[in-house]
Amino acid sequence: MLTQAPRGTKDVTPELSAGWQVIEARMRDICARMGYREVRTPTFEHTELFLRGVGDTTDIVQKEMYTFQDKGERSVTLKPEGTAGVVRMLLEHKLFAEALPLKLYYLYSPVFRYDKPQAGRYREHHQFGVEAFGAAMPTVDAEQIALFWNLLTGLGLRDLSLHINSIGCPVCRPTYQAKLKEFLAGKLDHLCGTCKGRFDRNPMRILDCKSPECQAQLEGAPSVLDCLCEECKDHFDGLQAALATVNIPFEIDPRIVRGLDYYTKTVFEVLTKEVGGASLAVGAGGRYDGLVEQLGGPAMPGVGFGMGMERVLLVMERQGLLPGPANVADVFLCVQGESARLPALQLTMALRDAGIRADTDHMGRSLKAQFKYADKCGAKVVAVLGDEELATGQVTLRDMTTREEVRVSLAEAPAALQMKLSI
RNA sequence: GUGGGUGUAGUUCAGCGGUUAGAGCGUCAGAUUGUGGCUCUGAAUGUCGUGGGUUCGAUUCCCACCACCCACCCCA
């Protein structure tokens with residue numbers, strides 16, 4: 001128990017961290033090129049923020065939040081998603097008064113949901129996400145989706161599909177919901193238990209119910225896309241035109257609804273086709289034009305998405321895209337005899353100062369064992385410092401590929417090694 | 001939250017109601033005097049997931065709990 005990570009959490013061990021660093025570097029790079037700047041928000045927030053932001057009828061809020069009282073009797077909650085915290089930051093620092101649009105991203109943001117863990121699903125996972133505030137035009141939706149898509153394809157992921165939909169706005173959605181309820185009213189008895197409850201609370205959630213009975217009842221149901229108001233329709237058309245222009249392949253799926261209450265107009269998901277199982281969502285997002293105002297800020301449109309980093313890594317692992325083990329040192333300096341120990345440490349530090357990935361013995365091993373260890377470290381050059389070398393102020397350099405050995409003076413060693421390693 | 005499966009060295013896995021529980025890989029050491037990858041030899045490491053029960057005796061059978069995996073639900 002003591003030596004076991006809590007249920008649903010996962011360690012990043014040394015051999016795993018390289019993969020994280022690869023995706024993080026890509027995220028930073030693509031965001032920098034697209035004008036998104038990094039933000040970091042707290043791991044926990046006042047519970048109220050999520051009740052009002054995410055929506056208190058959602059599954060996330062109703063049964064999955066890590067909520068507790070702190071010692072000051074405040075109710076706080078570990079972030080169950082990334083957007084609410086960023087909006088809170090926007091309001092607190094009045095970032096909405098800056099030049100718009102404000103384009104932000106976060107990565108390795110911990111997200112907590114109390115759920116039963118299984119492959120690709122954790123109680124703590126980490127999200128990469130982007131948010132753009134102030135821009136109402138569909139080109140920004142498309143730009144974000146392109147960012148997302150290009151990130152994933154750039155990482156080498158295959159078998160992805162992008163699904164988009166529009167769920168309307170406060171003007172047209174009530175009309176659609178009324179139509180849908182009218183359509184379903186007679187079929188209520190044939191819906192599953194959860195959907196019976198959804199009928200009054202949030203009838204659109206029935207659309208993406210996975211149960212076959214419900215899906216059967218939805219045959220011939222009105223499509224939200226037929227009920228969009230002019231503004232929403234123009235926006236959705238504009239999104240499709242923009243996506244086509246930047247060559248992002250997409251499918252329209254009128255059944256996408258999403259589990260968070262704040263979405264308006266655009267919603268989208270990126271799925272990966274998994275063999276023998278259901279497709280896994282690696283990320284999803286959409287537009288939330290009413291959220292900033294709902295949380296007490298000015299009326300300001302917004303759009304964003306969140307991506308599960310563990311899921312991307314999982315897909316990369318399954319598709320053989322993770323980097324192999326990296327070497328830990330380019331140069332290993334062997335210590336031969338105790339009188340060489342401190343000079344070896346000194347030389348190793350000098351090599352490091354010269355930008356060389358160098359290491360030396362800290363185990364008191366035999367020379368042979370030091371060579372074996374150097375080999376395991378992936379050293380391209382092994383240096384030896386012993387009595388013979390110390391007597392002449394030199395160090396022996398052995399090229400581990402060609403087995404050639406040369407001796408150079410201690411002072412020349414950094415430059416000689418830089419040359420050999422072509423740094 | 002519901003249903004099913006699994007749990008034995010660091011790791012991948014054998015094994016059996018009965019003596020000191022095994023193998024491959026990994027780790028460490030050695031194969032003479034200052035030199036790696038290959039090979040050979042040897043060594044260390046297990047409360048057999050945890051706690052109960054059945055039994056003369058349990059790692060093996062039963063129950064509970066914990067963890068992981070799979071499906072559902074939900075979602076990233």
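Labels below follow one simple rule: chain letters A, B, ... track the order of the sequence lines, proteins then strands, and each chain is numbered from 1.
Side-chain atoms of A:Pro117 lie closest to B:C68 of the nucleotides B:C68, B:G34, B:C74. If you check B:G34, B:C70, B:A31 against the side chain of A:Ala119, the one that comes closest is B:C70. For A:Ala369, whose side chain is taken as the heavy atoms from C-beta onward, the closest listed nucleotide among B:A29, B:C74, B:U2 is B:A29. Among the nucleotides B:A76, B:C74, B:G34, the one closest to the side chain of A:Val384 is B:G34. If you check B:U35, B:C75, B:C72 against the side chain of A:Arg121, the one that comes closest is B:C72. Of the candidates B:G37, B:C74, B:C73, the closest approach to any side-chain atom of A:Gln118 belongs to B:C73. The side chain of A:Lys116 sits closest to B:G1 out of B:G1, B:C28, B:G34. With B:C68, B:G34, B:C74 as the candidates, the nucleotide lying closest to the side chain of A:Thr396 is B:G34.
The distance from atom CG of A:Leu333 to atom C1' of B:G36 is 15 Å, rounded to the nearest whole Å. Here B:C69 presents its P atom at 12 Å from CD of A:Glu317, a figure rounded to the nearest Å. Taking atom NZ of residue A:Lys79 and atom P of nucleotide B:A76, one finds them 15 Å apart after rounding to whole Å. Rounding to whole angstrom units, CD of residue A:Glu388 and C1' of B:U33 are separated by 12 Å. Rounding to whole angstrom units, NZ of residue A:Lys10 and C1' of B:A76 are separated by 15 Å. If you measure from atom NE2 of A:His126 to atom P of B:C75, you get 21 Å, rounded to the nearest angstrom. Taking atom CD1 of residue A:Ile256 and atom P of nucleotide B:C75, one finds them 13 Å apart after rounding to whole Å. Going from atom OH of A:Tyr106 over to atom P of B:A76 covers 10 Å, rounded to whole Å.
Of the nucleotides present, none pairs with B:A21 by Watson-Crick or G-U wobble criteria with both distances under 3.5 Å. Base pairing analysis places B:A31 opposite B:U39; the two distances defining the Watson-Crick or G-U wobble pair are each below 3.5 Å. Using the Watson-Crick or G-U wobble rule with both distances under 3.5 Å, B:C75 pairs with nothing in any strand shown. In a base pair of the Watson-Crick type (N1 to N3 plus N6-O4 or O6-N4) or a G-U wobble (N1-O2 and O6-N3), with each distance short of 3.5 Å, B:G49 is matched with B:C65.
Atom name C1', nucleotides B:G17 and B:G53: the rounded distance is 15 Å, in whole Å. For B:G15 and B:U27, the C1' atoms lie 24 Å apart once the distance is rounded to whole Å. On the P atoms, B:A9 is 14 Å away from B:A23, given to the nearest whole Å. A distance of about 27 Å separates the P atoms of B:G18 and B:U12, rounded to the whole Å. Comparing the P positions of B:G7 and B:A14 gives a spacing of 8 Å, expressed to the nearest Å. Look at the P atom in both B:U59 and B:G22: the space between them is 15 Å, to the nearest Å. B:C66 and B:G24: their C1' atoms are spaced 30 Å apart (whole Å). Comparing the same atom, P, in B:U2 and in B:A76 gives a spacing of 23 Å after rounding to whole Å.
Between A:Arg88 and A:Glu45, at least one side-chain nitrogen of the basic residue sits less than 4.0 Å from a carboxylate oxygen of the acidic one, meeting the salt-bridge criterion. A:Lys63 and A:Asp115 are not joined by a salt bridge, as no carboxylate oxygen comes within less than 4.0 angstrom of a charged side-chain nitrogen. Electrostatic pairing of A:Arg113 and A:Glu81 does not count as a salt bridge here, judged by no charged N lying under 4.0 Å from a carboxylate O.
Using a 4.0 Å heavy-atom criterion, one finds that A:Tyr373 contacts no nucleic acid atom at all. Here A:Ala374 lies out of heavy-atom contact (under 4.0 Å) with every strand. Counting any heavy atom pair closer than 4.0 Å across all strands shown, A:Gly285 reaches no nucleic acid atom. As judged by a 4.0 angstrom heavy-atom cut-off over every strand, A:Asp115 is placed among the base-contacting residues. Using a 4.0 Å heavy-atom cutoff across all strands shown, A:Met307 reaches no nucleic acid atom at all. Using a 4.0 Å heavy-atom cutoff across all strands shown, A:Glu310 reaches no nucleic acid atom at all. Within 4.0 Å of A:Gly337, counting heavy atoms only, lies no atom of the nucleic acid at all. Among the protein residues, A:Arg123 comes within range of no part of the nucleic acid, since none of its heavy atoms lies under 4.0 Å from any strand. No engagement by A:Gly386 is indicated, since no non-hydrogen atom pair under 4.0 Å with the nucleic acid exists.
A:Arg311 contributes no side-chain N or O that, together with a main-chain N or O of A:Gly283, makes up a donor-acceptor pair within less than 3.5 Å. In terms of modelled atom types and a separation under 3.5 Å, the side chain of A:Tyr176 and the main chain of A:Pro222 share a donor-acceptor contact.
Side-chain atoms of A:Arg311 come within donor-acceptor range of the base of B:C75, with a qualifying N/O pair under 3.5 Å. For B:C68, its base never sits under 3.5 Å from the side chain of A:Arg7 at any donor and acceptor pair. The base of B:G36 sits within donor-acceptor range of the side chain of A:Asp375, with an N or O pair under 3.5 Å. For A:Arg403 against B:G37, a side-chain N or O and a base N or O form a donor-acceptor pair under 3.5 Å. One cannot find a donor-acceptor pair under 3.5 Å joining the base of B:U35 and the side-chain atoms of A:Gln370. Side-chain N/O atoms of A:Glu389 and base N/O atoms of B:G34 include a donor-acceptor pair closer than 3.5 Å. Side-chain N/O atoms of A:Arg113 and base N/O atoms of B:A76 include a donor-acceptor pair closer than 3.5 Å.
OP1 or OP2 of B:A76 lies within a sub-4.0 Å distance of a side-chain N or O belonging to A:Arg258. At least one side-chain nitrogen or oxygen of A:Lys376 sits closer than 4.0 Å to the OP1 or OP2 atom of B:C28. For the pair A:Lys368 and B:G36, the criterion of a side-chain N or O lying under 4.0 Å from OP1 or OP2 is met.
A cation-pi arrangement is absent between A:Lys79 and A:Phe50 under the rule of less than 6.0 angstrom and at most 45 degrees off the ring axis. Annotation: cation-pi pair A:Arg123/A:Tyr114 present, NZ/CZ under 6.0 Å from the ring centroid and within 45° of its normal.
Each of A:Val270 and A:Gly8 was assigned the nucleotide of RNA chain B with the nearest heavy atom; the assignment lying further toward the 5' end belongs to A:Gly8. Each of A:Glu269 and A:Pro6 was matched to the nucleotide of RNA chain B holding its nearest heavy atom; the match closer to the 5' end belongs to A:Pro6.
In this structure, A:Trp149 has its ring center no closer than 6.0 Å to that of A:Phe250. Under the 6.0 Å cut-off for aromatic ring centres, A:Phe96 and A:Phe133 do not qualify, their centroids lying 6.0 Å or more apart.
Side-chain polar atoms of A:Tyr288 and A:Glu131 form a donor-acceptor pair below 3.5 angstrom.
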